[in-house]
**Q** 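Provided herewith is a single structure, encoded as structure tokens, for subsequent inquiry.
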Amino acid sequence: MSFSLGQLGLIILGYLGALFTTAYAVERNWVSRRLVRHPMVYILSLGVYASAWAFYGSVGLANQYGYGFLAYYLGISGAFVMSPILLRPLLNISRIYQLSSLADLLAFRYRSRLAGMLVTLFMLAVVIPMLTLQIRAIADTLHILNSEWKAPQLAFGFCLIMILFAVLFGARHVSPREKHEGLVFALAFESLLKLSAIIILALVALFGVFSEVGGLEQWLIDNQESLNQQITLQEGPWRTLLLVFFAAAVVMPHMFHVTFTENVNSQALHPASWGFPLFLLAMAMAVPPILWAGVYLDIDLPAEYYALGIGMQLESPFLVVLTFLGGLAAASGIIIVITIAMAAMLLNHVVLPLHKPSPRADFYRWLLWVRRSLIAAILLLAYGFYAAVGADLDLNRLGLLAFVAAVQFLPGVLGLLYWPKSNRKGFLFGLIAGIIAWSYSMLLPFSELALGWDVPFPLPPVDESNWHLAALASFAANLGLFVLVSITTRQKPSEVSAAEACSIDTVSRPTRRPLIAGTSNDVIVSLSKPLGRYVAEREVYQALSDLDLPSYEDRPYALRRLRARLEANLSGLMGPTVAHDIISRYLPFQENAELSEDIYQIEQRLEGFHDRLSGLAGELDNLRRYHRQTLERLPIGVCSLADDGEILMWNQAMVDLTSIESDQVSGSHLDRLPAPWKKLLSDFVANQQMHEHKKRLEIDARPRWYSLHKALIQPSGGQPGGIVVLMEDQTDTQLLEEELMHSERLASIGRLAAGVAHEIGNPITGIDGLAQLIRYETDNPDLQEMADQIQEQTKRVTRIVQSLMNFAHAGHHSTEHDAVEVAHCIDEAMQLLRLSKRSQDIEFSNECSPDLLLLGDAQRLVQVFVNLLSNARDASQRGDLIRVTAEADEHQVILRVIDQGHGIPEDKLDHIFEPFFTTKEVGKGTGLGLALVYSIIEEHYGHISIESPVTEDRGTCVKVSLPRYTQTEEVETSA
């Protein structure tokens with residue numbers, strides 16, 4: 001069975017076109033974001049690990065090593081099962097510091113540009129055999145299906161097609177730092193396709209091939225001796241296979257890229273720890289039936305291609321095309337991801353360190369075209385290796401070359417996580433030794449086997465039976481030198497800080513150092529020199545947006561955060577070594593600044609590590625969190641300052657007192673606070689006094705009083721020093737004291753008024769008597785009229801004196817309530833108010849019935865109406881009318897005091913009865929009048945409410961409901 005080249009080309013282009021359309025639909029948001037970011041998509045995208053070696057080569061592994069082929073699946077499954085201690089820390093580090101490749105990670109940890117460069121160049125020893133394996137698998141299958149064209153020609157055409165689609169998937173946009181969610185979704189689609197293809201093929205083998213001989217079980221029994229190799233676990237290399245495939249989870253570039261770089265949902269790693277091994281188990285279960293079916297059908301193809309041969313032997317075009325699509329999916333996915341990841345590594349660690357574009361150039365577009373060129377160069381280099389050597393090496397040898405080379409990076413990764421004392425020299429010496437040993441013990445012998453080359457220093461022949469010894473020897477040389485050199489040499493300070501940042505059980509202790517750049521604009525100016533103005537502005541504003549900071553920032557702490565974020569973002573753009581060099585050179589710290597630990601930043605990092613602390617460390621962290629919450633929730637304002645005045649803490653009470661949010665001032669200096677808090681706190685911190693009581697401030701045209709206290713923290717044991725300032729609002733206390741003093745003065749005035757009224761009463765009585773005598777002793781009409789006027793005026797004076805007497809005794813009230821004439825109380829209140837000049841131009845109208853009686857204390861009720869009428873008068877203008885109306889039912893009397901004043905704003909109505917709340921200007925009201933009225937009304941079991949405005953945005957109506965005096969109360973009182 002054969003296919004034409006046109007048919008095969010159409011299948012390849014159709015499949016890759018459909019794959020790109022899937023990715024494009026995701027990028028255009030035609031697919032639900034919920035589906036795109038579902039953990040299942042992430043799990044399936046990890047299936048990129050199952051390359052053409054898994055689809056075709058695992059059958060060859062099973063043929064050679066029996067059940068040892070399971071190491072391909074079990075090794076990496078073990079790494080994912082151990083994700084909490086292996087993959088999760090690496091994901092956190094790569095996410096925090098924007099590390100997009102293994103070279104970025106190792107260069108960051110060992111603070112070495114040379115380390116990044118060597119890792120990148122040595123990674124080519126992994127990438128080239130791995131890409132060659134995929135190219136050979138597709139070229140061989142194309143040649144099997146169409147023997148008219150030679151395999152190298154088919155391989156070259158396939159490489160050109162993959163260059164195009166790799167560029168479309170990974171280097172189509174200007175910004176190379178973006179997440180490729182479309183690519184991840186397309187990889188999930190590929191994994192689903194190849195899983196479906198291999199399972200269908202296995203089912204066909206189980207139920208379609210062996211039906212003639214009584215089923216698979218009977219055939220296995222009949223051929224047990226001849227199949228002993230395939231059905232038993234062979235001694236030898238399976239332990240080495242477990243090691244290299246375990247390491248693949250973190251050291252293979254395509255797995256690092258999908259697992260960490262393209263991860264948009266960090267929570268998806270947890271379900272992947274069991275979901276991905278299940279995916280691999282499903283693929284592994286299909287391998288033995290395919291192998292046995294190939295043996296049974298006596299397919300005249302290498303064991304690697306039994307999967308394709310089954311469909312051809314059964315003469316099923318559907319099965320052949322499905323198998324070819326499964327292999328194409330397995331090969332194309334890994335080719336695209338490897339070339340994207342490798343191009344980024346070469347760009348960051350080889351091209352940029354050796355050649356930096358001019359700041360005047362379009363930096364992003366230059367990066368884009370360099371990356372496209374690198375993608376093409378990598379694939380062409382892989383084709384060159386295939387044409388020279390790879391065509392003569394089977395899939396298993398190519399796969400072993402790649403995975404054994406990749407395991408040489410494992411010591412550096414383990415040292416990064418678990419050995420803070422490991423250093424740059426140990427890593428470089430070990431890596432170089434491992435790669436040299438791999439080249440001499442595996443690459444050259446395999447090449448000799450393929451091409452008949454002569455090795456300069458002959459070694460024992462290396463083949464499938466003993467390659468694992470050479471692999472273990474190269475790994476042992478690497479690990480031994482890594483440990484030995486790291487123990488015998490010292491770390492640089494930069495390596496120590498990087499080790500603290502990468503270690504899974506320590507938190508780095510950042511220093512609180514100011515930058516030379518004083519504002520975010522200064523940062524842009526500084527970065528314009530190496531990056532150009534446009535790139536500098538774009539990167540600074542992007543970093544500010546990432547940190548949720550304003551576009552202009554001048555707080556020292558915020559600038560330190562901006563610097564760290566810029567280095568992380570530039571690491572994702574051009575690699576950690578180049579980014580670190582640019583940031584260190586153009587955004588330096590002040591040299592002579594006093595160093596101390598950045599407590600605020602340490603606490604933020606501890607919050608991120610909280611779920612990873614246990615035992616004593618966890619208990620201490622819980623204690624820290626408890627004390628932190630205690631300070632945050634204190635009802636007294638707490639402000640913690642560093643020695644240089646930088647604000648380290650600003651609790652919720654300070655937010656309530658100042659109306660300044662904590663995130664607006666944390667990390668800024670005290671002199672950056674707005675008025676009046678800047679002068680208040682700065683003056684207090686600067687003077688020698690430890691306490692200041694009732695410091696007066698004008699806030700919103702109203703006086704407020706604050707008491708301040710401070711304590712000095714002396715540095716000790718590495719703990720930085722500083723100042724703690726406490727602030728409490730004493731306004732209510734101060735106003736209460738003033739009100740008490742005012743009440744005392746009123747009481748004194750009342751006692752004086754009572755005495756004066758008593759003394760005035762005697763002369764007034766005498767004058768009234770003389771007026772009566774004149775009336776009775778003369779018939780002169782003029783004298784009679786004069787006497788009547790004298791008597792009228794004396795009665796007026798008597799009423800005024802009586803009102804003064806009643807008001808003077810208002811503070812001494814009885815708890816017993818009697819019948820009170822409403823109209824009389826209101827008349828007395830109006831009479832008192834008319835004594836003021838302010839009331840002369842205001843008209844008062846008492847519209848209450850004289851027969852209406854209340855149950856209450858007359859003196860206290862007069863005080864209520866004096867307050868209500870005086871408030872109405874103060875709100876009124878000259879010529880306005882103030883009315884008091886009354887209506888009654890069986891149980892209560894409803895009184896309304898209605899004015900024509902300016903009214904009360906709606907937002908203040910809810911606070912109008914609160915003590916010390918007033919709408920009047922400063923000095924014209926204490927805010928206790930209506931609070932006192934409310935209290936008296938409650939004593940009388942009544943209710944008071946306010947409606948404002950009454951009509952056309954003017955006027956206020958105060959509604960007072962009081963119990964009505966009835967005959968029942970009179971009978972009860974007399975009883």
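Values below: every heavy atom of this structure, side chains too, minus hydrogens, waters and symmetry copies.
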**Q** Are any side-chain N or O atoms of Ser94 and backbone N or O atoms of Leu91, one a donor and one an acceptor, separated by less than 3.5 Å?
**A** yes
**Q** Would you say the ring centers of Tyr49 and Tyr72 fall short of 6.0 Å from each other?
**A** yes
**Q** Given side chains that start at C-beta, do those of Ile299 and Ile310 come closer than 4.5 Å, heavy atoms only?
**A** yes
**Q** Of all the heavy-atom pairs spanning Tyr306 and Gly294, show the shortest one and how long it is.
**A** CD1-CA, 3.7 Å
**Q** Taking Thr261 for the side chain and Ser100 for the main chain, is one N or O donor matched with an acceptor at less than 3.5 Å?
**A** yes
**Q** Do Leu74 and Leu242 touch side chain to side chain, with heavy atoms closer than 4.5 Å?
**A** yes
**Q** Can you check whether Phe169 reaches Val337 side chain to side chain, under 4.5 Å on heavy atoms?
**A** no
**Q** Main chain of Pro152, side chain of Tyr383: is a donor-acceptor contact present, judged purely on distance under 3.5 Å?
**A** yes
**Q** Do the non-hydrogen side-chain atoms of Phe403 and Met130 ever get within less than 4.5 Å of each other?
**A** yes
**Q** Above 12 or not: heavy atoms from other molecules or residues under 6.0 Å from CG of Asn29?
**A** yes
**Q** Write down the atom of Ile43, the atom of Ala272, and the distance for their closest heavy-atom approach.
**A** CG1-CA, 3.7 Å
**Q** Measure the shortest side-chain to side-chain distance between Leu367 and Leu352 over non-hydrogen atoms and say whether it is less than 4.5 angstrom.
**A** yes
**Q** Where do Leu87 and Phe260 come nearest, in terms of heavy atoms and distance?
**A** O-CE2, 3.4 Å
**Q** I'd like to know if the side chain of Asn478 and the backbone of Ala433 have a donor-acceptor N/O pair within less than 3.5 Å.
**A** no
**Q** Verify, without hydrogens or angle tests, whether Lys194 (side chain) and Gly47 (backbone) share a donor-acceptor contact under 3.5 angstrom.
**A** yes
**Q** Please give me the minimum heavy-atom distance between Ala202 and Pro289, naming the atom from each residue.
**A** O-CB, 4.2 Å
**Q** Hey, are the side chains of Phe20 and Ile336 touching, using non-hydrogen atoms and a 4.5 Å cut-off?
**A** no
**Q** Heavy atoms, side chains only, cut-off 4.5 Å: are Leu16 and Met162 in contact?
**A** yes
**Q** For the ring pair Phe122 and Trp438, is the centre-to-centre distance below 6.0 Å?
**A** no
**Q** Measure the CG-CG distance between Leu106 and Leu428 for me, rounded to the nearest 0.5 Å.
**A** 10.0 Å
**Q** I'd like to check Val250 versus Leu102 (side-chain heavy atoms, cut-off strictly below 4.5 Å). Are they in contact?
**A** no
**Q** Using a 3.5 Å distance criterion without hydrogens, assess whether the side chain of His257 forms a donor-acceptor pair with backbone atoms of Ser101.
**A** no
**Q** Roughly how far, to the nearest 0.5 Å, is the CZ atom of Phe385 from the CG atom of Leu133?
**A** 11.0 Å
**Q** Which pair of heavy atoms, one from Ile198 and one from Phe55, lies closest together, and at what distance?
**A** CB-CE1, 3.9 Å
**Q** If you measure only the distance, is there a donor-acceptor pair under 3.5 Å linking the side chains of Glu190 and Tyr15?
**A** yes
**Q** With distance as the sole criterion, is a donor-acceptor pair present between the side chains of Tyr42 and Asn265 under 3.5 Å?
**A** no
**Q** Give me the atom names and distance for the closest heavy-atom approach of Trp53 to Leu61.
**A** CZ2-CD1, 3.9 Å
